[in-house]
Peer 1: 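One structure coming up, written as structure tokens, with questions to follow.
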Amino acid sequence: MPELPEVEITRQKLAPLLCGRTIARIETTADSYFFLTPPAQLKRALSGRRVEALNRRGKYLLAELDDGARLLLHLGMTGQLFADGVSSVRLLTGTGKGSLAPDAQAKGFTPDAHTHLRLHFDDGGPAVYFRDARKFGKVELLAAGARCARLERLGPDALETRGAELHAAAKKRKAPIKSVLLDQAVLAGVGNIYADEALFRAGIRPRTAARRLSQLQCERLVEALQAVMLRSIETGGSSISDYVQPDGQDGGYQDERRVYAREGLPCLQCETPIRRIVIGQRSSCYCPHCQR
DNA sequence: AGACTAACCTGAAAGC
DNA sequence: TGCTTTCAGGTTAGTC
């Protein structure tokens, strides 16, 4: 599932395909809860608009338009942004049970019934598509100067925050640290996988009450989180995307991931079987020996 | 305010 | 083989 690193990679790859181009027309699927702005309104507002920039906040992408409006995009769990004839990072869920979807490379990146938004440009060049099988993604048009509660709710971007900031928020929470990490109002951009990986690297059990963490632990946790995310961006987001090379070789994911979806497999540090528990309706994988 | 839960959605995988 | 059930998860809304 796309978390901060995957969204950032998507931004980097998509920006050159969007910026400076003028939208001629769009196509959408039928109105649904995927569209925070109804398709009819999107059609009116987007045609003729030039995209000036593509920015990211947490897991949100924001296409800045030449009239000051902004197109807010969220990939949800299975969202994919891609362009005609341009290979991009594929984002798909892992199974959460120790393996990634086996035929992950077989599908996607072909416009189909799940392609809810299609942007066509006046230069006749490659169209840009937003596909999302599960429709957990979101599209919203923000008028110039309009406020957006979803964005205003977000805490500091996970890559920009400091341990002290996390500690300040954690002190007030008796919920498990895992849940606090996933709270986008505390840190924007963290999802299940990087939360688990960061907790492992910081040696903290996911169920630990957030308020019991020391400032030093919070600093280590933020350091671990940022290291994991930066490394993921560096390796092409391989730790989430099901990126598989044409010869079937895996991307960097397996080398980077230490606990997520490794239930029952030996810890890479101590060989203790990785344990999986459920916290707040989400699976959490950790090493009972390395994380105390 | 924080904690907790259900709901949204669909494909893959597991179970029978 | 094929049908049924389970599961994954980001976010929000609603309840306590």
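Since the model is a prediction, treat every value here as computed from it, not as a measurement.
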Peer 1: Phosphate oxygens OP1/OP2 of B:dG11: is one of them under 4.0 Å from a side-chain N or O of A:Thr78?
Peer 2: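 No, no such contact exists.
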Peer 1: Do any side-chain nitrogens or oxygens of A:Tyr33 fall under 4.0 Å of OP1 or OP2 in B:dT10?
Peer 2: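 For B:dT10, neither OP1 nor OP2 has a side-chain N or O of A:Tyr33 closer than 4.0 Å.
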Peer 1: Measure from NZ on A:Lys171 to C1' on B:dG2 and round the result to the nearest Å.
Peer 2: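 After rounding, the gap between these two atoms is 17 Å.
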Peer 1: A:Phe136 has an atom CZ; how far is it from atom P of C:dT12, in whole Å?
Peer 2: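 Interatomic distance, CZ of A:Phe136 to P of C:dT12: 13 Å.
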Peer 1: Roughly, in whole Å, what's the span from CD in A:Gln281 to P in C:dA8?
Peer 2: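 In whole Å, C:dA8 P lies 11 Å from A:Gln281 CD.
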Peer 1: On DNA chain C, compare the nucleotides closest to A:Tyr60 and A:Asn192; which residue's is nearer the 5' end?
Peer 2: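 Its nucleotide being nearer the 5' end, the pick is A:Asn192.
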Peer 1: Rounded to whole angstrom units, what separation is found between the CE atom of A:Met77 and the P atom of B:dT10?
Peer 2: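 After rounding, the gap between these two atoms is 14 Å.
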Peer 1: In terms of relative ring orientation, are A:His120 and A:Tyr129 parallel, tilted or perpendicular, with 30° and 60° separating the classes?
Peer 2: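 A:His120 and A:Tyr129: perpendicular rings.
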Peer 1: If you assign A:Gly280 and A:Lys172 each to the DNA chain B nucleotide with the nearest heavy atom, which residue ends up on the more 5' nucleotide?
Peer 2: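 Result of the comparison: A:Lys172.
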Peer 1: Tell me every residue that passes side-chain contact (heavy atoms from CB on, under 4.5 Å) with A:Glu8, counting only those two or more places apart in sequence or in another chain.
Peer 2: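 If we apply the side-chain contact (heavy atoms from CB on, under 4.5 Å) test to A:Glu8, skipping adjacent residues, the hits are A:Arg11, A:Gln12, A:Arg56, A:Ile233.
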Peer 1: Distance check needed: C:dG10 C1' versus A:Leu61 CG, whole Å only.
Peer 2: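 Rounded to whole Å, this separation is 14 Å.
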Peer 1: Hey, could you give me the NE2/NZ distance between A:His116 and A:Lys135, rounded to the nearest 0.5 Å?
Peer 2: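 Interatomic distance, A:His116 NE2 to A:Lys135 NZ, rounded to 0.5 Å: 5.5 Å.
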Peer 1: Using a cut-off of strictly less than 4.0 Å, decide whether A:Lys59 has a side-chain nitrogen or oxygen near OP1 or OP2 of C:dT11.
Peer 2: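 Result: yes.
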Peer 1: Taking CG from A:Asp196 and C1' from C:dA8, how many angstroms apart are they, rounded to a whole number?
Peer 2: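 It is 13 Å, rounded to the nearest whole Å.
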Peer 1: Using a distance-only test with no angle check, is there a side-chain donor-acceptor pair under 3.5 angstrom linking A:Tyr60 and A:Glu140?
Peer 2: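 Distance-only check fails for A:Tyr60 and A:Glu140.
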Peer 1: Return no unless some side-chain N or O of A:His74 is found under 4.0 Å from OP1 or OP2 of C:dG10.
Peer 2: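 No, A:His74 has no side-chain N/O under 4.0 Å of OP1/OP2 on C:dG10.
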Peer 1: What nucleic acid atoms does A:Arg211 come within less than 4.0 Å of, heavy atoms only: base, sugar-phosphate, or nothing?
Peer 2: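 No contact.
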Peer 1: Please list, one pair per line, the donor and acceptor atoms closer than 3.5 Å that link side chains of residues 41-50 of chain A to other protein atoms, with sequence neighbours excluded.
Peer 2:
{"from": "A:Ser47", "atom 1": "OG", "to": "A:Lys43", "atom 2": "O", "distance (Å)": "3.4"}
{"from": "A:Arg49", "atom 1": "NE", "to": "A:Asp66", "atom 2": "OD1", "distance (Å)": "2.6"}
{"from": "A:Arg50", "atom 1": "NH2", "to": "A:Glu52", "atom 2": "OE2", "distance (Å)": "3.0"}

Peer 1: So, OP1 or OP2 of C:dT11: does either fall under 4.0 Å of a side-chain N or O from A:Gln184?
Peer 2: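 So the side chain of A:Gln184 is within the cut-off, an N or O lying under 4.0 Å from OP1 or OP2 of C:dT11.
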Peer 1: Does a side-chain N or O from A:Arg282 land closer than 4.0 Å to OP1 or OP2 of C:dA8, or not?
Peer 2: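 False: A:Arg282 side-chain N/O out of range (4.0 Å or more) of C:dA8 OP1/OP2.
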Peer 1: Rounded off to whole Å, could you give me the CG-to-P distance for the A:Asp132 and C:dT11 pair?
Peer 2: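 So the CG-P distance, A:Asp132 to C:dT11, works out to 12 Å.
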Peer 1: Would you please confirm or rule out a distance under 4.0 Å between OP1 or OP2 of B:dG11 and any side-chain N or O of A:His114?
Peer 2: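 Affirmative; the distance criterion is met.
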Peer 1: Tell me: CZ of A:Arg134 to C1' of B:dT10, nearest whole Å?
Peer 2: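 In whole Å, B:dT10 C1' lies 6 Å from A:Arg134 CZ.
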